[in-house]
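Data block below; observations after.
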Amino acid sequence: MKVLEGSVAAPNAKVAVAIARFNSFINESLLEGAIDALKRIGQVKDENITIVRAPGAYELPLVARRLAESKKFDAIVALGTVIRGGTAHFEYVAGEASSGLGKVAMDAEIPVAFGVLTTENIEQAIERAGTKAGNKGAEAALTALEMVNLIQQIDAA
């Protein structure tokens, strides 16, 4: 029986991190977690990491698509935060960010890790950006690296 399973060490991977500026007080913690995970656990070199800042989470799919189309990256990590308010705006932004990033991954056939927080309130966002609930930016970065390795295994099988 052949079992394919990715690992997180990917020292030669070229990774783009697309991060939203809106809610930057949360997103910067996600970015710190992602960079730490890429470098410390994934062993990715500084010169293989590119950070791209988008206005908000809604814009992340277009940024990710352009990054994927450039063929310069093995994976993309999308980071942002959408906090529910009193209007339907949350559903539109969160939904479009999610479906748009998923479409980019399927069309471009490279990993696009979803590190966009969709929370009910600021407290939940803070918890998921490095306190009680861990750092979802770090988790997204590790997922991207594991997927890079898994796809290489599938292609070689």
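All values below come from the heavy atoms of this structure, side chains included, with hydrogens, waters and symmetry mates left out.
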Work out which heavy atom in [X] is nearest to a heavy atom in [Y]; give both atom names and the distance.
| X | Y | value |
| --- | --- | --- |
| A97 | A57 | CB-O, 3.6 Å |
| A144 | V77 | CB-CG2, 3.8 Å |
| A138 | A37 | O-CB, 3.8 Å |
| A54 | L60 | CB-CD2, 4.1 Å |
| R128 | L30 | O-CD2, 3.9 Å |
| N121 | T119 | O-OG1, 3.1 Å |

Between [atom1] on residue [X] and [atom2] on residue [Y], distance to nearest 0.5 Å:
| X | Y | atom1 | atom2 | value |
| --- | --- | --- | --- | --- |
| Q153 | E5 | CD | CD | 8.5 Å |
| T118 | E91 | OG1 | CD | 10.5 Å |
| K14 | I110 | NZ | CD1 | 13.0 Å |
| I122 | N23 | CD1 | CG | 7.5 Å |
| I76 | M147 | CD1 | CE | 12.5 Å |
| E123 | T131 | CD | OG1 | 10.5 Å |

Polar side-chain atom of [X] near backbone of [Y] as donor-acceptor pair, under 3.5 Å:
| X | Y | value |
| --- | --- | --- |
| E120 | I83 | no |
| N27 | F22 | yes |
| S70 | L67 | yes |
| T50 | A16 | no |
| N149 | S7 | yes |
| N135 | S29 | yes |
| E96 | Y92 | no |

Is [Y] close to [X] at the side-chain level, that is, under 4.5 Å between some pair of heavy atoms?
| X | Y | value |
| --- | --- | --- |
| V44 | N12 | no |
| D46 | K39 | yes |
| V17 | L38 | yes |
| T143 | F114 | no |
| P111 | I151 | yes |

Next item on the list: Might you work through the side-chain contact (heavy atoms from CB on, under 4.5 Å) test for V116 and V82, ending with a clear yes or no?
Entry: CA-CA 7 Å; V116 178; V82 186; 4.2 Å; yes
Notebook entry, point to check: Can you name the salt bridge (charged side-chain N to carboxylate O under 4.0 Å, His left out) partners of K103, sequence neighbours left out?
Noted result: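 For K103, the residues satisfying salt bridge (charged side-chain N to carboxylate O under 4.0 Å, His left out) (neighbours in sequence not counted) are D107.
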Margin query: Under the rule for salt bridge (charged side-chain N to carboxylate O under 4.0 Å, His left out), what residues qualify as partners of E139, not counting sequence neighbours?
Written below: K136
Same cluster or not: [X] versus [Y], using hydrophobic residues (I, L, V, M, F, W, Y) connected whenever any side-chain heavy atoms lie under 4.5 Å apart?
| X | Y | answer |
| --- | --- | --- |
| V63 | V112 | yes |
| V15 | V148 | no |
| L145 | L150 | no |
| F73 | V52 | yes |
| L31 | L117 | yes |

Checklist line | Derivation of the side-chain contact (heavy atoms from CB on, under 4.5 Å) call for E59 and L62 | finding: CA-CA 6 Å; E59 290 76 24; L62 177 57; 5.8 Å; no
Margin query: Could you go through K2 and L4, starting from their C-alpha distance and side-chain angles, then the distance that decides it, and tell me whether this counts as side-chain contact (heavy atoms from CB on, under 4.5 Å)?
Written below: CA-CA 7 Å; K2 184 182 268 192; L4 305 178; 4.1 Å; yes
Checklist line | Residues I35, I51; criterion side-chain contact (heavy atoms from CB on, under 4.5 Å); working and verdict | finding: CA-CA 10 Å; I35 298 300; I51 299 168; 4.1 Å; yes
Margin query: Assess the residue pair E28 and R53 against the criterion (salt bridge (Lys or Arg N to Asp or Glu O under 4.0 Å)); give the C-alpha distance rounded to whole Å, side-chain angles, the decisive distance to 0.1 Å, and a yes or no.
Written below: CA-CA 11 Å; E28 290 303 315; R53 295 186 183 274; 2.6 Å; yes
Margin query: Does R84 have more than 12 heavy atoms from other residues, nucleotides or ligands lying within 6.0 Å of its CZ?
Written below: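 Result for CZ/R84: enclosed.
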